[in-house]
Each structure stands twice: as C-alpha cells, then as structure tokens.
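The structure appears right after this line, and notes come after that.
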Amino acid sequence: MYTQALNTAEAEDRGLEDAAKATQFQARIDAEERIEPNDWMPAAYRKTLTRQISQHAHSEIVGMLPEGNWITRAPSLRRKAALLAKVQDECGHGLYLYAAAETLGSSREELVDAMLAGKAKYSSIFNYPTLTWADIGTIGWLVDGAAIMNQIPLCRCSFGPYARAMIRVCKEESFHQRQGYEIMLTLCRGSDEQKAMAQDALNRWWWPVLMMFGPPDGVSQHSDTSTKWKIKRFSNDELRQKFVDATVPQAQYLGLTIPDPGMTQDAEGHWRYSEIDWTEFKQVLAGNGPCNRDRIAARRKAHDEGSWVREAAAAYAAKRAHRQTAQAAE
Amino acid sequence: MSIANIQVPETPLVLYALRRADDALILGHRLSEWCGHAPMLEEDMALSNIALDLIGQARELYSYAAKAEGKDNDEDKFAYLRDVRQYRNLLLVEQPNGDFAQTLVRQFFYSAFADLYWRAMMASRDATLAAIAAKSEKESAYHLRHSAEWIIRLGDGTDESHARAQAAIDHLWAFTGEMFAVDDSERGLIDAGVAIDPAGLRDRWLKTVTGIINEATLALPQNDWMQQGGRSGRHSEHLGHLLSELQSMQRTFPGLTW
C-alpha cells in the first residue's frame with residue numbers, strides 16, 4: 001500500500017452527506033478556493049477526481065509504449081537521448097499523478113490493477129501504432145499539443161494536488177511539443193522521402209488527435225458536474241476548436257496538408273473541420289483500436305514479470321526493519 | 001550517398017576513445033530497452049536515467065574520437081556506420097538484459113569498475129579525457145550505488161530473487177576479466193599518462209564486489225576462466241541484433257539529416 005492514512009471521508013462511508021457541508025463546499029468552489037485532500041468534499045467529487053486523475057496517470061504510463069517503440073531505433077544519438085528523456089518525463093508525470101490520486105484515498109496498486117484488468121480507461125490516442133520516425137515528431141507536435149490544450153485549464157482546477165501537478169506537467173509537455181515540432185520541421189526541410197513520411201504521419205494521426213478532446217458537447221457524460229466543480233473550465237468542443245485554430249498555421253508553416261478537404265476558415269478566423277468519425281472513437285474506447293490489446297498486454301507483462309522484484313524489495317525491507325528492531329532491543 | 005561502413009584508422013588514441021564510447025553506448029542502449037517495461041515505475045525512471053548518462057558519455061567520447069581522428073567522422077557516423085567487427089565494446093555490456101537480476105548484476109559489475117576507472121582517469125594528462133572522467137565519475141558513483149542496493153535487495157530478498165541473482169552472477173562472471181585487460185595499443189597511452197592501467201584497479205574492484213555480494217548472501221563463482229574479444233571486434237552473437245536495430249534508420253535512409 002502506498003496510500004497515506006489521510007482522513008478518508010467518513011461521511012461517504014455512511015452514505016450520508018451533510019447538506020450544509022455540501023453548500024459550504026460549493027461556496028468555496030465558487031469563490032475559487034482550492035480544495036485540499038483533508039478538506040470535506042462530496043463523495044461524487046472524490047470519485048470524479050479519482051477517476052480523472054488515475055485515467056490521466058494511466059495515459060502517461062501507457063503513452064510510454066508507442067514512443068518507447070522508437071527509443072532503440074532513433075536515427076541519431078541526439079534524437080535517441082531526447083526521446084528517452086521525453087518518455088522518462090512521461091513516467092514521472094504518471095508517478096506524480098498517481099501520488100495526486102492517492103491523496104483522495106485510493107492506492108497506486110488499486111488504480112493500476114483496475115487499468116490492467118481493463119476496468120479503467122486511458123487516452124484513446126495511445127491505441128494507435130507508431131510506424132515511422134515521423135510518428136514520433138507528430139506525437140510530440142499534435143498529441144502533446146492537444147494534451148497541453150486540455151491541461152492548461154487544469155492548472156486552475158479546484159482540487160489543489162491536481163492543479164499543482166498540472167503546472168509542472170504542462171511545462172514539460174510544452175517542451176515536448178516544441179521538440180516534436182522541431183522533428184517535423186527537420187523532416188519537412190529534408191528529402192522528398194522525409195516530407196512524405198511527415199505527411200503520412202499527419203494523415204494517420206490527425207483525426208485520432210481531434211478525438212482526444214472527447215465526445216462532442218451535449219453527448220459528454222461528465223461535463224456538467226465537472227464544470228460546476230471547476231474541474232473542467234472549457235467544453236470539449238471549445239478546446240478542440242482552440243487546438244485546430246492553433247495547429248492549422250503550424251501545419252501550413254511546415255508545408256503539410258491537414259487531411260480534411262472540407263476544412264474552411266470562417267469569418268471570425270476559426271478553422272471549421274469536417275465531421276469526426278465518432279464510430280471509430282467508440283470502437284477504440286471499447287477496446288477495438290489497432291493496439292488496445294498490445295498495450296494492455298505489454299503493461300501486464302511488465303507487471304507480472306516484475307512481481308518477483310517487488311516481492312524481493314518488500315521482503316528485504318521487512319527483514320531489515322526486523323533486524324533494526326532486534327538490534328535496538330539488545 | 002552510401003550505406004557502407006566508415007573506415008576508421010585506429011590510432012591508439014582514437015581506438016581508446018572508441019572502446020569506452022562503445023561500452024557506454026551499448027550499455028546505455030541495453031538499459032533503454034527497459035523503458036516502459038520495468039518492474040516498477042521508479043525503475044523505469046532510474047534505468048532510463050542511467051541510460052541517459054551513458055549515452056551522454058558515449059557522445060562525448062565519440063566526439064573526442066572524431067576530433068582525434070581529424071577526418072569528417074562524427075558521433076553518429078561512429079555509432080551508426082560501423083558493423084559488429086568494428087565495434088570495440090566489452091562483451092559484458094552487450095549481453096542481453098535477461099531478467100531484472102541479470103540487468104542489475106551486469107550494471108553492478110560494470111559500474112563498480114567504471115566508478116574506479118573514471119576516478120583514476122581524472123588524473124589523465126589528456127585534458128579532454130580528464131574532463132570527461134570528472135563528469136562520468138559522478139554519474140558512475142550513482143550507478144554503482146543504485147545497482148549495489150539492488151544486488152543486496154535481490155540476494156537477501158526472497159528465495160526466488162536470491163536464485164535469480166545468483167544465476168545472473170554465475171552467467172556474467174566470465175565477462176568481467178576483459179575490463180582489466182590491456183593490449184599493446186593501450187600500453188603506450190598508459191606509459192604516456194594519457195590512460196591508466198586498469199589492472200591496477202582489479203583488487204579494489206574485487207573488494208567492492210565481494211563486499212556487496214557477501215552482504216547480499218550471494219557467492220562469486222570459483223571458475224576463473226574469462227572471455228575476451230570485444231575490444232578487438234570478436235563479439236557475442238547478441239551484438240549484431242542490437243546494431244541492426246540501433247542502426248536501422250541510418251542504414252535504410254542513408255545520408256539524411258534527422
């Protein structure tokens with residue numbers, strides 16, 4: 001157990017919530033106060049945040065796999081070191097986020113077990129394969145770019161540990177995004193073969209990246225309460241539009257074509273994209289993306305094959321504690 | 001454009017730098033294979049960290065080899081355009097990761113050496129090598145502490161971890177002798193004070209290793225036969241597969257900038 005013995009909501013255990021406390025809680029949220037782990041909070045707030053933060057943590061950890069796929073094949077030593085450092089950063093984000101989730105009373109093991117059992121979700125984007133080196137550039141540019149769009153408002157999230165984690169995570173993601181764009185720039189200034197590789201990667205990643213923002217407004221399950229609790233500050237479609245508006249000029253600068261022939265710019269300057277294939281999104285979430293099975297299998301393998309190591313570490317720590325107690329008693 | 005191997009006139013100084021660069025790159029590459037697959041997230045971080053240190057050392061040493069050579073080779077040409085027979089790393093570092101015990105025993109044997117080696121090399125009369133040594137020594141000290149702590153945990157952990165750690169020691173022991181070997185090419189550099197004589201480090205290395213192995217309730221093998229060949233390009237079968245992966249982009253798309 002990694003969980004600290006924080007005073008986990010006794011009120012929820014009894015299934016009763018004090019209406020006065022709930023009103024006071026909402027007043028604090030409305031006044032833009034930060035909620036801290038030991039503060040009273042509604043059970044549903046705790047549950048929503050535990051789900052969101054742990055999904056975010058799982059995404060960071062599963063997200064190590066598609067990019068990790070290229071660490072051993074990076075085309076130069078500089079790229080190899082940068083990619084390894086980037087994937088390591090993502091692992092750090094995962095750890096940081098699991099720690100934030102633990103302040104809500106669930107242990108890292110419980111959360112990880114739920115992911116390995118297929119009960120907890122992670123971002124749909126990591127169920128797509130990285131086929132060429134250009135995918136590494138595209139992930140940095142677009143996937144990290146979309147993540148930043150989502151996460152910057154989370155720096156003002158009402159739950160203190162999550163908001164603080166996001167400040168640090170966003171700084172690193174922004175560095176990754178620039179690194180990814182620089183890979184794309186190098187490819188687009190390179191040979192015809194390299195430019196074609198960059199365009200092909202954009203073609204494959206564009207629509208799945210737009211799906212990262214979640215279902216369209218009105219269909220999203222969790223938006224209303226999350227907005228009320230100031231966990232969510234912008235709607236899925238608002239964030240998606242912001243992302244598209246920021247990205248189109250970047251693609252133009254690279255000389256790449258967004259794979260959406262129906263895209264137009266409206267009078268206000270917004271780039272209006274075509275209908276997203278939500279059937280694909282639902283299928284990927286349901287476990288039918290190209291890599292869902294591989295990703296979970298890889299995480300389970302690491303977990304299962306590592307169990308003897310974790311057991312050894314625990315056994316040694318117990319022996320050492322026992323020896324120290326025995327010594328102290330002498 | 002050519003995908004041919006580069007030719008390297010191996011003057012003693014160039015060869016000396018390449019051998020250490022190859023050690024660092026190949027071991028760093030092996031460790032990077034763990035990223036995303038380690039037994040716990042903390043070790044994904046730690047093994048990646050060590051890999052990054054080693055790849056950093058390799059880049060400095062390759063750059064120095066390029067400078068010493070004075071031709072148009074660079075760190076990437078050395079790494080990506082030499083084949084198995086041109087690689088000069090120790091056999092120890094190319095051995096597959098195996099299980100976590102094998103990775104950590106390999107790291108422990110190497111880091112216990114590298115820690116002493118880089119500390120001694122800080123006194124090199126070659127200013128660049130001395131500077132690389134000063135940086136690498138700090139890193140190696142951490143690598144040694146990390147791996148030694150794991151050897152103790154695994155050896156003195158559960159029956160299973162003890163058996164795995166012992167099997168790893170038995171398997172890798174024969175690759176440790178090569179770290180202390182010197183050939184004619186290096187003898188001149190040692191005499192000139194550019195390099196240090198690694199044979200002089202062996203007693204201290206054995207003392208460190210024995211101390212940790214004993215604390216871990218493990219044992220060193222009795223067999224003293226030592227494998228050699230990496231320094232002159234006679235490798236195990238494992239290295240070719242590692243290089244085919246490492247070099248795949250440069251070999252598939254020759255002469256491009258990435």
Side-chain angles (χ1 to χ4, degrees), chain A residues 57 60-81 83-85 87-92 94-95 98 108 112 132-133 137 183 186-187 189-191 193-194 197 298-299 301-303 305-320, chain B residues 25 28-49 51-52 55-56 58-59 62-63 74-76 78-80 99-101 104 149-150 152-162 164-165 216 242 245-250 252-253 255-258:
Chain A
E60 298 283 357
I61 301 306
V62 176
M64 294 170 72
L65 298 171
E67 290 180 279
N69 183 37
W70 278 89
I71 291 171
T72 55
R73 289 179 291 165
S76 71
L77 295 183
R78 181 171 85 90
R79 295 292 187 203
K80 189 183 187 68
L83 180 59
L84 181 54
V87 179
Q88 189 197 30
D89 280 350
E90 272 146 22
C91 186
L95 265 175
Y98 282 127
R108 197 211 299 186
V112 168
T132 71
W133 173 250
I183 290 176
T186 306
L187 294 176
R189 286 174 178 170
S191 71
E193 219 169 9
Q194 286 173 305
M197 193 187 275
R299 287 312 308 160
K301 185 167 184 277
H303 188 80
E305 290 180 0
S307 64
W308 70 270
V309 178
R310 296 189 300 274
E311 282 160 18
Y316 175 73
K319 278 186 201 177
R320 201 173 62 164
Chain B
L25 177 63
H29 182 97
R30 280 291 188 221
L31 292 174
S32 80
E33 293 172 356
W34 275 104
C35 185
H37 308 280
M40 57 191 80
L41 299 180
E42 287 80 354
E43 286 307 303
D44 278 297
M45 304 274 288
L47 296 177
S48 298
N49 221 28
L52 281 167
I55 292 167
R59 293 180 66 187
Y62 283 136
S63 296
D74 57 29
E75 59 174 35
D76 286 332
F78 283 128
Y80 292 94
D99 63 11
F100 189 72
L104 268 294
E149 284 172 1
W150 269 111
I152 295 167
R153 269 184 220 119
L154 297 180
D156 195 16
T158 62
D159 289 347
E160 181 179 5
S161 68
H162 180 92
R164 284 174 183 264
L242 185 155
E245 198 172 337
L246 174 83
Q247 299 179 340
S248 63
M249 286 291 289
Q250 292 283 350
T252 311
F253 303 100
L256 298 183
T257 302
W258 300 94

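Bear in mind the structure is a predicted one, so any value in this text is a computation, not a measurement. So you know, we letter chains A, B, ... as the sequences are listed, proteins then strands, and number each from 1.
- For chain A, no part of B:Ala58 is nearby; none of its heavy atoms comes within less than 4.5 Å.
- When ring centroids are compared, B:Phe253 and A:Trp133 stay outside the 6.0 Å threshold.
- Counted by atom type alone, A:Glu311 and B:Thr158 present zero donor-acceptor pairs between their side chains at under 3.5 Å.
- Ranked by non-hydrogen atom pairs under 4.5 Å with chain B, the options A:Ser307, A:Gly68, A:Gly63, A:Ala85 are led by A:Ala85.
- The two residues A:Arg299 and A:Val62 have their closest heavy-atom pair at CG-CG2, 4.2 Å.
- A:Thr186 and A:Arg79 form a side-chain donor-acceptor contact under 3.5 Å, judged by distance and modelled atom types alone.
- When each of B:His162, B:Glu43, B:Glu75 is checked for heavy-atom pairs under 4.5 Å with chain A, B:Glu75 comes out on top.
- Note: A:Gln88 leads A:Met64, A:Arg73, A:Gln88 in heavy-atom pairs under 4.5 Å with chain B.
- Proximity to chain B (any heavy atom under 4.5 Å) is shown, for A:Ile183, by neither the backbone nor the side chain.
- When B:Leu154, B:Asn49, B:Asp44 are compared by the number of non-hydrogen pairs under 4.5 Å with chain A, B:Asn49 comes out ahead.
- Only the side chain of B:Trp150 has a heavy atom closer than 4.5 Å to any heavy atom of chain A.
- Under the 4.5 Å side-chain criterion, counting only non-hydrogen atoms from C-beta, B:Met249 is in contact with A:Trp70.
- Side-chain contact between A:Lys80 and B:His29 is present, with heavy atoms from C-beta onward closer than 4.5 Å.
- Ranked by heavy-atom pairs shorter than 4.5 Å toward chain A, the options B:Glu160, B:Gln247, B:Arg164, B:His37 are led by B:Arg164.
- Panel note: side chain A:Gln194, backbone A:Ser191; a donor-acceptor pair is recorded below 3.5 Å.
- When the shell of 6.0 Å around NZ of A:Lys319 is examined, it contains more than 12 heavy atoms from other residues, nucleotides or ligands.
- Heavy-atom distances place no part of B:Leu242 under 4.5 Å from chain A, backbone and side chain included.
- Minimum heavy-atom separation, B:Met45 to A:Gly92: SD-N, 3.4 Å.
- Taking chain B as the reference chain and counting heavy-atom pairs below 4.5 Å, the highest number among A:Glu90, A:Arg78, A:Arg320 is found for A:Arg78.
- Ranking A:Thr132, A:Leu84, A:Leu187 against chain B, the residue ahead of the rest is A:Leu84, based on heavy-atom pairs under 4.5 Å.
- Only the side chain of B:Ile55 comes within less than 4.5 Å of a heavy atom of chain A; its backbone N, CA, C and O stay farther away.
- Across all non-hydrogen atoms, the minimal contact from B:Ala79 to B:Leu246 is O-CD2, 3.8 Å.
- For the set A:Leu95, A:Ile71, A:Thr72, the entry with the most heavy-atom pairs within less than 4.5 Å of chain B is A:Thr72.
- Counting heavy-atom pairs under 4.5 Å between each of B:Asp99, B:Leu47, B:Thr257 and chain A puts B:Thr257 at the top.
- Per-residue heavy-atom pair counts under 4.5 Å with chain A were compared for B:Ala51, B:Pro39, B:Ala101, B:Cys35, and the maximum is reached by B:Pro39.
- Between B:Leu25 and B:Arg59, the closest side-chain pair of non-hydrogen atoms is not below 4.5 Å.
- The part of A:Ala74 that comes within reach of chain B is its backbone (N, CA, C, O), which places non-hydrogen atoms under 4.5 angstrom from that chain.
- With a threshold of 4.5 angstrom between heavy atoms, B:Asp159 does not approach chain A through any atom at all.
- Interface residue B:Tyr80: only side-chain heavy atoms are found under 4.5 Å from chain A.
- Annotation: maximal heavy-atom pairing with chain B below 4.5 Å, among A:His303, A:Lys301, A:Glu193, occurs at A:Glu193.
- The backbone N or O of A:Ser76 lies less than 3.5 Å from no partner atom in the side chain of B:Gln250, so there is not a single donor-acceptor pair.
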